Number of protein chains: 2
Amino acid sequence: MSGLSFEDLVSRLRASGVRITAPRRMVLAALAESGSHVTAEELHRRVRADHPEVSVSSVYRTMELLTDHGVVDHVHLGHGPAQYHLTQERHAHLVCNGCGAVSEVDASLSEPFAAEVERTLGFHLDLGHFALTGWCDVCRSARTT
Amino acid sequence: MSGLSFEDLVSRLRASGVRITAPRRMVLAALAESGSHVTAEELHRRVRADHPEVSVSSVYRTMELLTDHGVVDHVHLGHGPAQYHLTQERHAHLVCNGCGAVSEVDASLSEPFAAEVERTLGFHLDLGHFALTGWCDVCRSARTT
DNA sequence: CTAAATGCAAATTATTTGCTCCATC
DNA sequence: GATGGAGCAAATAATTTGCATTTAG
């Protein structure tokens, strides 16, 4: 799912019967060019720079479509808007309540916990969709002093 | 912090210099009477039943005040509104993406994970503020079949 | 040509804020 | 009676939806 170029993605989608329209192409391109996480608003801003007529609804509708096709995913990093990204290996996110910094948790760290929850509670955790919040080292020290 | 009666809470607040107004008293009473988790809207609905003039803003402002005084806390159970509750021992919540059922995770289960994250990443998790999402047994089986 | 997608504006949901009037201490 | 709270309505923020108009295949 990762490592595919932008045009590869377009071909794959067209092959799945997805209509490749100008807005869709532009939104997907903007997403591919963005770093890991972008908000819908940010994508809209980028697309609008070249094509002011593209609307936010198209961004949201495209994200929904691409999500259904497994190409896109999003995370909620606490309060605030959802963050979209091309589908990749799922991992948990840590968001600091103080500075807002986002870091990633390697699956190897969270798997034992997820396994334990599954075993004892019969609940299958998806730690990739909502971030885990807390305090980074720096902010933690700053508040306790 | 737990085990205090409604009137105990009121006295404690008044002692801290908090003005005990009619709306505050009613909102706090509604919260105390509600089970563990209630939304602001639900609290408003309850209070309004007897006193239609009380506004939502008062509910929100009261929740904010009580939060500042450590009497109230809230959790985000995924999408949807925040859920308020009287302050109690913090624990993580599991929300099923399928049926929406909420369950609690005993701290003993999450502590080893939190400790490991703290040790290796220097990040102090607060698993009590945002719920962990995933799939309960029933919904999980239902989707994979 | 026709089903599906777009743009735009208006609706929703959850929460916050400005402001004038009212009540607690 | 002064300071802080309440109510109401309007403002925000993020997203969704209805509908008339375009467009990909």
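Residue numbers start from 1 in every chain, and the chains themselves are labelled A, B, ... in the order their sequence lines are given, proteins ahead of strands. Predicted model only: the values in this text are computed from it and were never measured.
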Inset, instruction - Hey, could you give me each pair passing ring-ring contact (aromatic ring centres under 6.0 Å, His included) that has a residue in residues 29-58 of chain B? Not counting sequence neighbours. - result: His37(B)-His85(B), His37(B)-His93(B)
Inset, instruction - Under the side-chain contact (heavy atoms from CB on, under 4.5 Å) rule, collect the residues that match up with Ala82(B), sequence neighbours excluded. - result: His74(B), His76(B), Tyr84(B)
Inset, instruction - Figure out the NE2/C1' separation between His69(A) and dA5(C), and round it to whole Å. - result: 13 Å
Legend entry - Under the side chain to side chain donor-acceptor pair (under 3.5 Å) test, residues paired with Arg25(A) that sit two or more places apart: Glu7(A)
Legend entry - salt bridge (charged side-chain N to carboxylate O under 4.0 Å, His left out) partners of residues 51-69 of chain A, not counting sequence neighbours, each pair once: none
Inset, instruction - Enter the inter-axis angle for the ends of the helix from dT12(C)-dA14(D) to dC25(C)-dG1(D) (five pairs per end, rounded to 10°). - result: 20°
Inset, instruction - Let me know the distance between CZ of Arg48(A) and C1' of dG7(C), rounded to the nearest Å. - result: 13 Å
Legend entry - Shortest non-hydrogen contact between Leu94(B) and Leu125(A), atoms and distance: CD2-CD2, 3.6 Å
Inset, instruction - Just call it for Ala40(B): base, sugar-phosphate, or nothing, with non-hydrogen atoms closer than 4.0 Å on any strand. - result: nothing
Legend entry - Rounded distance in Å - NE2 (His79(B)) to C1' (dT12(C)): 15 Å
Inset, instruction - Quick one, give me the B/S/- string for nucleotides 16-25 of chain C, reading 5' to 3', where B means a protein heavy atom under 4.0 Å from the base and S means that only happens at the primed atoms, P, OP1 or OP2. - result: BBB----BBS
Inset, instruction - Report which part of the nucleic acid Ser58(A) touches: base, sugar-phosphate, or nothing (heavy-atom distance under 4.0 Å, all strands). - result: sugar-phosphate
Legend entry - Counterpart residues, side-chain contact (heavy atoms from CB on, under 4.5 Å), relative to Ser34(B) (two or more places apart): Val38(B), Leu43(B), Arg46(B)
Legend entry - Whole angstrom value for the distance that separates P of dA5(C) from CG of Leu65(A): 7 Å
Legend entry - Hydrophobic cluster of Val102(B), others only, ordered by chain and residue number, side-chain cut-off 4.5 Å: Val75(B), Leu77(B), Val95(B)
Legend entry - Under the salt bridge (charged side-chain N to carboxylate O under 4.0 Å, His left out) test, residues paired with Asp126(A) that sit two or more places apart: Arg90(A)
Inset, instruction - Would you check if Met26(B) and Val54(B) make a side-chain contact, meaning some heavy-atom pair closer than 4.5 Å? - result: yes
Legend entry - Terminal contacting nucleotides, 5' and 3', DNA chain D versus chain A (heavy atom, 4.0 Å): dA14(D) to dG25(D)
Legend entry - Contacts of type side-chain contact (heavy atoms from CB on, under 4.5 Å), residue Ser11(B), not counting sequence neighbours: none
Legend entry - Results of ring pair (Phe, Tyr, Trp, His ring centres under 6.0 Å) for Phe113(B) - residues two or more places apart only: Phe113(A)
